Amino acid sequence: MLERKRLKNHTQVTFVLPEGTPPGPVSVVGDFNHWDPAAHPLAPRGDGMRAASVALPAGGTHAFRYLAAGDYWFDDTDADHHDGTNSHLRT
């Protein structure tokens, strides 16, 4: 799930997944963090979900995916677009 908050010159995007699905650590990786799995790991939050927030420039399109333990890559079903390789979101 993607939560978006429009701010002055950027959009805060929060990437949200249920805690434990998939099991183990999960990171959001994309063109906004040079596909670095250490940059935005999802952390537990009080509602039983886990999340990571990223501030992105307004008016852009960004490619991303999730990377879970065991080199398991997967897409976000709530993304604006899927190109067969990556999920995409518009800010």
Side-chain angles (χ1 to χ4, degrees):
M1 172 173 43
L2 299 172
E3 297 173 348
R4 299 173 214 214
K5 184 176 182 180
R6 186 79 174 214
L7 302 171
K8 192 172 191 177
N9 295 321
H10 65 281
T11 300
Q12 180 175 314
V13 180
T14 303
F15 300 87
V16 182
L17 295 174
E19 192 168 348
T21 306
V26 177
S27 293
V28 61
V29 293
D31 57 13
F32 48 84
N33 64 13
H34 306 288
W35 301 94
D36 178 2
H40 295 101
L42 276 67
R45 62 184 199 183
D47 63 359
M49 306 295 268
R50 55 186 164 174
S53 293
V54 180
L56 300 171
T61 300
H62 301 277
F64 74 98
R65 293 193 84 193
Y66 295 105
L67 177 59
D71 202 33
Y72 172 60
W73 291 86
F74 61 102
D75 293 311
D76 192 311
T77 58
D78 292 335
D80 297 325
H81 174 73
H82 297 90
D83 66 8
T85 303
N86 296 312
S87 298
H88 294 266
L89 66 94
R90 291 180 201 91
T91 55

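Hydrogens, waters and symmetry mates are skipped; everything else that's a heavy atom, side chains included, is used. This one's a predicted model, so the numbers in the text were calculated from it and none came from an experiment.
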Report yes or no: do L89 and V29 belong to one cluster of Ile/Leu/Val/Met/Phe/Trp/Tyr joined by side chain heavy-atom distances under 4.5 Å?
no
Under 3.5 Å, which donor-acceptor pairs link side chains of residues 53-63 to any protein atom two or more places apart or in another chain?
{"unit_1": "S53", "atom_1": "OG", "unit_2": "T14", "atom_2": "OG1", "d": "2.7"}
{"unit_1": "H62", "atom_1": "ND1", "unit_2": "D31", "atom_2": "OD1", "d": "3.4"}

Under the ring pair (Phe, Tyr, Trp, His ring centres under 6.0 Å) definition, can you give me all pairs with a residue in residues 26-57, not counting sequence neighbours?
F15-F32
Taking L17 as the starting point, is it possible to reach W73 by hopping between hydrophobic residues whose side chains are less than 4.5 Å apart?
no
Of all heavy-atom pairs linking V26 and A68, the shortest is CG2-CB, 3.8 Å
For the atom pair CZ (R45) and CZ (R50), what is the distance rounded to the nearest 0.5 Å?
12.0 Å
Under the 3.5 angstrom rule, does the side chain of R6 hit a backbone N or O of T91 as a donor-acceptor pair?
yes
Looking only at heavy atoms, which two atoms of D83 and T85 are closest? And how far apart?
OD1-N, 2.8 Å
For a quick test of reading the model, state the closest non-hydrogen atom pair linking P41 to A52 and the distance between them.
O-CB, 3.6 Å
Whether F64 and Y66 hold their rings parallel, tilted or perpendicular, with breakpoints at 30° and 60°
perpendicular
Test side-chain hydrogen bond (donor to acceptor under 3.5 Å, both in side chains), reference R65, set N86, D76, D75, output is D75
Can you name the nearest heavy-atom pair linking R4 to T11, along with the distance?
CB-CG2, 4.1 Å
